[in-house]
Peer 1: 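Attaching a single structure in structure tokens format; questions to follow.
Letters A, B, ... are given to chains in the order of the sequence lines, protein chains preceding strands, and every chain is numbered from 1. Because the structure is a prediction, the values reported are computed rather than measured.
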Number of protein chains: 2
Amino acid sequence: MNADTSTRRPGGRSARVRAAVHSAAVALVAERGADQVTLPAVAERAGVNSSTLYRRWGTLAALLADVAKHRGDVDAPPLVGDLRADLENQAVWTLAELSRPGGIAFFRAEVAPDVDERHEGLRECLRRVSERFRPVLDAARERGEEPPSLERVLDRIIAPLYFRVVFSIPGTDEAYVRELVAGLLPGRPA
Amino acid sequence: MNADTSTRRPGGRSARVRAAVHSAAVALVAERGADQVTLPAVAERAGVNSSTLYRRWGTLAALLADVAKHRGDVDAPPLVGDLRADLENQAVWTLAELSRPGGIAFFRAEVAPDVDERHEGLRECLRRVSERFRPVLDAARERGEEPPSLERVLDRIIAPLYFRVVFSIPGTDEAYVRELVAGLLPGRPA
DNA sequence: CTACTAAGGCACAAATCTTTGCTTTAGAGT
DNA sequence: ACTCTAAAGCAAAGATTTGTGCCTTAGTAG
């Protein structure tokens with residue numbers, strides 16, 4: 001559909017509107033939950049005419065997906081060259097990302113788009129998570145270590161975090177992330 | 001809100017309407033995804049007047065929660081008295097349940113209800129999953145074994161299944177469930 | 001500075017979704 | 001059978017959400 005809503009006229013109004021809409025969307029999702037948010041509501045909060053939202057994004061799902069796509073990837077922790085530390089860092093960052101108000105909502109947003117695009121959204125979302133961990137594992141392999149497979153990282157780290165955040169299970173914090181990583185790298189002591 | 005929509009007049013029409021609505025909801029969620037379903041749509045599919053749905057359930061979220069609440073718990077596999085086998089059975093059943101068309105949608109439905117009730121819905125949903133595994137672990141403990149904690153089962157079995165179903169990761173099948181269980185019960189060979 | 005044009009605002013139409021008062025249907029009790 | 005009444009149907013009003021044509025604004029290029 002819209003290839004990239006951010007490029008066309010990066011200079012001025014367009015970008016401002018975009019920013020206003022994005023932060024309005026984030027705010028509303030955070031305080032009401034994604035299910036209670038509508039495009040007109042976002043438009044009003046952003047001080048923008050709702051026809052703009054319909055024209056630029058078309059649907060709430062598309063807007064949320066756009067927000068999700070452009071929110072991550074900042075503040076992502078750098079690799080330090082130690083498998084355990086890198087796994088912990090990325091996992092902690094991921095946890096923080098998920099825990100942000102509306103975090104899971106946006107995580108899900110890319111999953112939600114209408115049936116035809118769904119598969120695409122799923123893949124994209126999973127891909128983005130994967131791409132955060134793949135370099136860690138690759139780097140370790142370069143150093144001659146034998147890191148766990150990406151699948152294993154998904155099962156043992158990401159999945160539990162995702163699950164626990166979705167269900168608001170208490171005690172899901174940085175220390176817990178370390179436990180998860182430790183469980184995955186049993187041999188090597190901290 | 002509505003204590004139990006099933007009791008009042010279990011005899012006849014009420015129950016038929018209920019059944020028709022439930023199966024219409026299941027069908028629609030399965031074929032369009034929960035986000036594309038509305039109460040009027042369910043009403044039409046069920047051959048029921050939409051005002052009935054508004055009066056009995058009020059919102060789509062409430063309806064889906066009701067459906068979710070009354071769908072599971074049948075066909076649940078019995079305990080056979082072997083930790084590994086019981087874990088596998090329950091996990092396989094859970095996987096099947098999640099994989100059903102719209103399975104995750106209903107899983108999520110109990111999570112979705114409006115903000116105030118949300119915490120309640122979360123707890124309920126998690127509780128129901130937990131209650132399926134707790135007896136397995138308790139039974140094992142009775143026999144003098146030392147089963148993993150429920151938390152551990154959630155992290156190592158349920159979470160990966162949930163995650164993999166949500167993201168349609170291929171190869172998430174019965175054999176995979178066995179691997180997960182095996183990873184959790186390392187000492188004891190099959 | 002001026003012309004060009006993408007993008008936003010406005011207003012109105014159409015489609016949906018929600019709600020509500022009143023009527024009708026059909027279980028349940030006697 | 002007859003009555004009582006919970007629950008369903010009907011219909012119309014209200015509220016929201018979507019979709020569109022036309023005009024205005026303000027980056028951008030020359």
Side-chain angles (χ1 to χ4, degrees), chain A residues 1-25 28-29 31-67 70 109 112-117, chain B residues 1-25 28-29 32-67 70 109 112-114:
Chain A
M1 213 164 285
N2 252 325
D4 185 351
T5 1
S6 67
T7 43
R8 296 297 166 83
R9 279 193 174 188
R13 182 159 66 156
S14 205
R16 283 197 304 277
V17 166
R18 178 191 181 71
V21 169
H22 275 211
S23 74
L28 284 178
V29 167
E31 68 194 40
R32 299 186 195 172
D35 306 352
Q36 304 298 321
V37 175
T38 64
L39 284 187
V42 174
E44 185 184 1
R45 169 73 72 106
V48 164
N49 195 283
S50 69
S51 68
T52 294
L53 302 209
Y54 282 110
R55 281 206 245 261
R56 271 182 81 161
W57 290 281
T59 67
L60 180 70
L63 170 58
L64 294 187
D66 186 41
V67 170
H70 290 266
D114 20 358
V115 196
D116 302 327
E117 310 172 26
Chain B
M1 214 162 286
N2 253 328
D4 185 352
T5 359
S6 68
T7 44
R8 296 297 167 82
R9 280 191 175 191
R13 181 159 66 157
S14 202
R16 282 198 304 277
V17 166
R18 177 191 181 71
V21 169
H22 274 212
S23 76
L28 285 179
V29 167
R32 299 187 194 171
D35 305 353
Q36 305 298 320
V37 175
T38 63
L39 285 186
V42 174
E44 185 183 3
R45 169 74 71 103
V48 163
N49 194 284
S50 69
S51 67
T52 295
L53 303 209
Y54 282 109
R55 282 206 244 261
R56 271 183 80 162
W57 290 281
T59 69
L60 180 70
L63 169 59
L64 294 187
D66 187 41
V67 171
H70 291 264
D114 21 357

Peer 1: Can you name the one residue among D66(B), V48(B), V67(B) that meets side chain to side chain contact (heavy atoms under 4.5 Å, CB included) with R18(B)?
Peer 2: D66(B)

Peer 1: Please report the distance, rounded to the nearest Å, between CZ in R13(A) and C1' in dT28(D).
Peer 2: 14 Å

Peer 1: Hey, can you pull the residues of residues 39-48 of chain A with a non-hydrogen atom under 4.0 angstrom from DNA chain C?
Peer 2: V48(A)

Peer 1: Nearest-Å distance, CZ (R18(A)) to P (dA7(C))?
Peer 2: 12 Å

Peer 1: Quick one: closest heavy-atom pair of L64(B) and A34(B), and the distance?
Peer 2: CD1-CB, 4.3 Å

Peer 1: Strictly under 3.5 Å: I want the nitrogen or oxygen pairs between protein and nucleotides 19-23 of chain D, one per line.
Peer 2:
unit_1	atom_1	unit_2	atom_2	d
dG21(D)	O6	R55(A)	NH2	2.4

Peer 1: Nearest to the side chain of T38(A) - dT25(D), dT17(D), dA26(C)?
Peer 2: dT17(D)

Peer 1: For residues R56(B) and L63(B), determine if any side-chain heavy atom of one lies less than 4.5 Å from a side-chain heavy atom of the other.
Peer 2: no

Peer 1: Is there side-chain contact between L39(A) and W57(A), with at least one heavy-atom pair below 4.5 Å?
Peer 2: no

Peer 1: Which pairs pass side chain to side chain donor-acceptor pair (under 3.5 Å) with one or both residues in residues 38-47 of chain B, sequence neighbours excluded?
Peer 2: E31(B)-R45(B)

Peer 1: Report the end-to-end axis angle of the helix from dC1(C)-dG30(D) to dT30(C)-dA1(D); each axis comes from five terminal pairs, and the value is rounded to 10°.
Peer 2: 40°

Peer 1: Side chain to side chain donor-acceptor pair (under 3.5 Å) with S51(A): which residues, sequence neighbours excluded?
Peer 2: N49(A)

Peer 1: Which pair of heavy atoms, one from S50(A) and one from P40(A), lies closest together, and at what distance?
Peer 2: CB-CA, 4.1 Å

Peer 1: At their closest point, which heavy atom of V21(A) faces which heavy atom of V42(A), and how far apart are they?
Peer 2: O-CG1, 3.8 Å

Peer 1: Has R56(A) got a side-chain N or O lying under 4.0 Å from the OP1 or OP2 atom of dG8(C)?
Peer 2: yes

Peer 1: Whether S14(A) contacts dA7(C) is assessed here as follows: a side-chain N or O lying under 4.0 Å from the phosphate OP1 or OP2. Is that the case?
Peer 2: no

Peer 1: Tell me whether the OP1 or OP2 atom of dG8(C) has a side-chain N or O from R16(A) closer than 4.0 Å.
Peer 2: no

